[in-house]
Structures are given as C-alpha cells and as structure tokens.
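Working notes for the structure below.
Within every chain, numbering begins at 1; the chains are lettered A, B, ... in the order of the sequence lines, protein sequences first and strands thereafter.
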There are 2 protein chains.
Amino acid sequence: MTIGTMDVDSACARMAALSDPIRLRLLALIHKHGELCVCEMTHALSLPQPKISKHLAVLRNVELVRMRRNAQWVLYGLEHEAAAWLDGVLAITLRDIETDAAIVGDAKRLAGMRVRPQPCRDK
Amino acid sequence: MTIGTMDVDSACARMAALSDPIRLRLLALIHKHGELCVCEMTHALSLPQPKISKHLAVLRNVELVRMRRNAQWVLYGLEHEAAAWLDGVLAITLRDIETDAAIVGDAKRLAGMRVRPQPCRDK
DNA sequence: TGGGAATATCCTGACGAACGTATATGCGTA
DNA sequence: TACGCATATACGTTCGTCAGGATATTCCCA
C-alpha cells in the first residue's frame with residue numbers, strides 16, 4: 001500500500017487490521033498515550049509478549065502504526081501519514097467503546113505500572 | 001449485538017464486515033442511493049447473485065444494513081440505528097476511495113441499467 | 001394452481017489468520 | 001566478551017471465512 005493513496009483493497013486491509021479486539025485495544029492505548037513500548041502494552045493487556053508483537057506487526061504492515069527503536073525498547077506510535085483516515089475512524093469508534101470493560105481495564109493496568117521504562121517518558 | 005450499545009467485540013465484528021472489497025462496494029452504492037434491490041447491486045457489481053446475497057447477509061448480521069421486502073424485490077438500506085458509527089466511518093473511507101476504478105465502475109453500471117426495477121424508485 | 005423471476009441458503013473444498021511454543025536478534029552492562 | 005533484558009520471528013496446528021455451484025424459498029402473474 002502506498003502511503004497517501006487509498007484504494008478499495010487497502011481500505012479493506014486496514015479495516016481487517018481493525019477487526020481484532022487485541023489490535024483495537026492496542027490502538028486505543030497508543031491513541032491515548034501517543035507512544036508506548038511493547039512491554040507497557042504487554043503489561044496493560046496482560047497477554048504474552050509474542051502475541052502483542054505479532055499484532056503490532058499486523059498494524060505496521062498496513063501502515064497504521066510506526067515503530068521507533070530507543071535503546072533496548074521499541075516504541076510504537078500512530079503512523080501520521082495515515083492519520084487523516086485513522087484518526088477519524090478511531091475517534092468515532094473509541095467514543096462508542098471507551099467504557100468497555102477491556103478498554104478500561106487496559107488503561108488501569110497501564111496506569112498502575114510501578115516502573116515504566118525510561119524511554120517511554122522522554123518524548 | 002444489541003443496537004445502540006457498542007463493545008469492543010461488536011466494533012470488531014463491524015470492522016470485519018467492512019474488510020471485504022465486495023461489501024465495501026455494496027455499502028458505497030447503498031450509501032449513495034439510499035435503497036437498492038439485490039438485482040441492481042448484482043448488475044452494478046457484475047457478480048453472481050448468490051455471492052451478492054451472501055455478502056449482504058454478512059452486513060445484515062452485524063446490523064449495518066436492513067432489508068425490506070417490496071413485492072418480489074428485496075430492498076437493502078443502511079440500518080439507521082447504526083448510522084452514527086457507520087455514517088462516520090463510511091464517509092471518511094469513501095472520501096478516500098471514491099475514485100477507485102471498482103467504485104466508479106459500479107456506479108456507471110448501475111446508472112447504465114436500462115430497466116431498473118419499479119420498487120426501487122418509489123421511496 | 002402453475003410457471004417464472006428474485007432472492008436466500010446449503011454444501012464442499014481451499015486458503016488465510018490466530019494461537020502457543022520455541023528460537024533468534026538487538027542493545028546495554030559488567 | 002559474556003550475560004540479561006526487550007523484542008521479533010519461525011513453526012506447526014487449529015479454526016473461521018470465502019468461493020462456486022446447486023438447490024430451496026418466496027412472490028407475482030396468468
């Protein structure tokens with residue numbers, strides 16, 4: 001998919017990327033916090049790390065998120081090239097599901113993280 | 001899924017319904033014309049009728065469209081209960097893909113239909 | 001009541017996606 | 001250089017989904 005342009009197929013690919021609860025929860029977190037590292041998301045969702053990584057790879061492949069390495073951590077943020085579409089869809093959807101138990105729980109667990117990795121704060 | 005409420009899972013189910021080129025093309029047509037019967041959409045997309053019916057059933061199951069029988073025809077329109085979410089997502093997405101060859105071709109074939117079924121005009 | 005058109009459903013096979021586990025890579029530090 | 005932490009990828013399995021064709025259902029009209 002070429003950034004900037006959108007055809008039916010790439011729109012479908014992006015919809016498919018959004019059609020998974022784990023990926024939607026990840027995006028909700030990233031959308032709220034700007035940038036997060038994998039260990040934070042792993043902790044927030046309480047799921048195995050490979051699973052989180054794999055889902056992030058899916059989001060990365062359709063260019064909804066981008067990754068940035070900082071020391072031994074990898075930070076994920078929204079792909080700003082896709083922001084026009086993504087921000088719209090995400091805003092509309094998150095507004096409807098922000099009270100969902102899973103979404104709320106994720107936010108709580110992330111907030112309750114005792115020692116958050118260093119690079120995640122020096123943005 | 002209960003109409004009106006939205007949790008993560010139902011949001012994902014709706015995203016999944018939007019993650020197919022045929023269903024996106026069908027929604028683009030319905031969104032533009034308000035209500036269409038199956039034979040019109042079959043003609044517009046130039047695909048086998050069972051295929052169209054099956055995809056419409058998927059959209060119906062997640063309550064994105066509703067059906068209404070009129071004589072021997074069945075008319076499909078957007079489910080107005082889902083309109084808040086659907087209209088937003090659809091508007092954002094269609095704006096990006098309205099120039100896609102498939103979308104343009106569908107609209108042309110529909111417009112070029114010599115004899116459109118009667119009930120589709122008496123709305 | 002019988003025929004034909006419009007629409008929906010059933011069946012089977014094939015492909016892709018998700019999972020869990022194990023393993024590899026990259027970076028900092030001793 | 002060796003070790004440990006953070007992250008990514010490979011592998012094998014399972015499961016849901018899509019396609020295509022055949023068939024069933026519903027309705028109108030003669």
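- A:His43 has its NE2 atom 15 Å from the C1' atom of D:dA6, to the nearest Å.
- Proximity of B:His55 to the phosphate of D:dA19: a side-chain N or O atom is located under 4.0 Å from OP1 or OP2.
- Of the possible donor and acceptor atoms, one in the side chain of B:Ser19 sits under 3.5 Å from a partner among the backbone N and O of B:Ala16.
- B:His31 places no side-chain N or O within donor-acceptor distance of the main-chain N or O of B:Leu27, the cut-off being under 3.5 Å.
- At C:dA6, none of the side-chain N or O atoms of B:Tyr76 fall inside 4.0 Å of OP1 or OP2 (strictly under the cut-off).
- For C:dT7, neither phosphate oxygen OP1 nor OP2 lies less than 4.0 angstrom from any side-chain nitrogen or oxygen of B:Arg69.
- We find that CG of B:Asn70 is positioned 14 Å from C1' of C:dT7, with the value rounded to whole Å.
- A:Arg95 places no side-chain N or O within 3.5 Å of a backbone atom of B:Trp85 that could act as its donor or acceptor partner.
- Side-chain N/O atoms of B:Gln49 and base N/O atoms of C:dA6 include no donor-acceptor pair closer than 3.5 Å.
- A straight line from CD of B:Glu40 to P of C:dA5 spans 18 Å, rounded to a whole angstrom.
- B:Met67 comes within 4.0 angstrom of the backbone, heavy atoms only, and of no base.
- Here B:Pro50 lies in heavy-atom contact (under 4.0 Å) with a base.
- Closest contact between the side chain of B:Val74 and the listed nucleotides C:dT7, C:dA18, D:dT7 involves C:dT7.
- Among the atoms of the strands shown, only primed sugar atoms or phosphate atoms (P, OP1, OP2) are found under 4.0 Å from some heavy atom of A:Ile22.
- Under 3.5 Å, the side chains of B:Asp7 and B:Ser10 contain a donor-acceptor pair of N or O atoms.
- Between A:Ala16 and A:Gln72, the residue anchored nearer the 5' end of DNA chain C, judged by the nucleotide with its closest heavy atom, is A:Ala16.
- Rounded to whole angstrom, the span from the NZ atom of B:Lys54 across to the P atom of C:dT12 amounts to 14 Å.
- With C:dA6, D:dT7, C:dA22 as the candidates, the nucleotide lying closest to the side chain of A:Cys39 is D:dT7.
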